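Please read the structure below before turning to the comments.
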Amino acid sequence: MITVHTIRELREHVRNARNSGRRIGFVPTMGNLHEGHISLIERSLTADCFTVSSIFVNPLQFNDKSDLARYPRTLPADQEKLAAAGCDLLFAPDVDEMYPNGQDAQSIVHVPVVSEGLCGGSRPGHFDGVSTVVSKLFNQVLPDMAFFGEKDFQQVAVIRKMVNDLCMPVEIVPVPTKRAADGLALSSRNGYLSAEERALAPGLYQTLSEIADDFKAGKDLSDSLKNAEERLNQRGFRTDYLEIRRTSDLAPATLNDHSVVVLGAAFLGSARLIDNLQVTLNQAND
Ligand code: PAF
């Protein structure tokens with residue numbers, strides 16, 4: 001695997017791959033890679049793509065600067081994991097390469113409606129930072145396909161809408177969340193958990209599963225969410241949000257919807273964990 005740090009080198013390698021007839025698959029990341037990221041690389045390789053990954057801890061998407069400062073940077077270990085997985089090219093730019101005129105002078109891509117509420121509500125400006133950096137990365141890499149983990153369900157919806165609204169010629173491929181044996185969704189942020197917190201951490205997925213069961217049973221949604229929040233807090237978390245949304249557009253769900261997603265975010269110690277669970281019914285609840 002080749003690692004490049006500049007847009008110029010990146011474009012040269014991608015052009016060569018394309019000229020030799022390859023399609024380009026892209027896996028953008030912020031590094032500190034785990035099996036979830038590797039499953040995205042594998043998905044791109046399965047699609048027979050020349051596979052490009054990026055590692056860039058994007059300051060624009062961190063509303064909390066202390067969160068940015070402590071975000072793990074593990075480039076050598078990440079390079080080894082990507083090479084072992086069969087990734088062809090790694091793009092690891094620094095902040096000046098991505099924002100040469102400074103972050104305040106950067107044009108911003110804002111994706112309305114789907115960026116609001118959920119993580120967008122708790123982390124103001126977060127999705128503007130995500131859509132801006134992803135659109136820049138898409139213009140740098142020019143991929144045919146790009147692969148995103150469904151753990152960040154709202155992020156996938158934001159990127160999909162951005163690509164659609166701005167007619168970007170890239171296919172967005174969502175990839176199912178990778179979980180530990182006890183149900184915890186793999187995340188770079190799990191590294192912030194103490195041993196005691198790690199033992200409690202599957203409580204988030206457990207709570208989402210219980211909300212999903214309530215939905216399947218046709219129980220009142222607001223009662224279900226209120227009770228679930230109490231249980232999640234009793235399990236040692238500080239709930240940020242628990243919600244049920246329509247899978248298609250993330251609009252608030254009703255009991256008449258067939259395809260919904262239960263989404264949650266909660267603090268465990270200093271770590272903010274997010275997760276979601278999709279529920280598809282054969283027929284409406286009524
Ligand atoms: O999901 C992530 O790791 C980031 O939000 C992304 C898509 C790489 C943009 O910085």
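It should be emphasised that the depicted structure is a prediction, and the values quoted were computed from it without experimental measurement. Whatever order the structure lists them in is the order used to number ligands and atoms, beginning at 1.
- Ranking protein heavy atoms by distance to atom 10 (O) of ligand 1, first place goes to Gln61 OE1, 2.6 Å.
- With a 4.0 Å heavy-atom cut-off, ligand 1 is reached by the backbone of Thr29 but not by any atom from C-beta on.
- Atoms of ligand 1 found under 4.0 Å from any heavy atom of Gln155, numbered from 1 in the order shown, are 1 (O), 2 (C), 4 (C), 5 (O), 7 (C).
- Closest approach of Cys87 to Thr51, counting heavy atoms only: SG-O, 3.5 Å.
- Not a single N or O atom of Asn58, backbone or side chain, sits closer than 3.5 Å to an N or O atom of ligand 1.
- Scanning for side-chain hydrogen bond (donor to acceptor under 3.5 Å, both in side chains) contacts around Ser107 gives an empty result, with sequence neighbours left out.
- Scanning both residues, Asp257 and Pro252, for their nearest heavy atoms gives OD2-O, 4.4 Å.
- Proximity to Val133 (heavy-atom distance under 4.0 Å) selects the following atoms of ligand 1: 9 (C), 10 (O).
- Connectivity analysis of hydrophobic side chains (ILVMFWY, heavy atoms under 4.5 Å, direct or indirect) links Phe153 to Leu118, Tyr241, Leu250, Val261, Leu263.
- By the 6.0 Å and 45° rule, Arg23 does not stack over the aromatic ring of Phe50.
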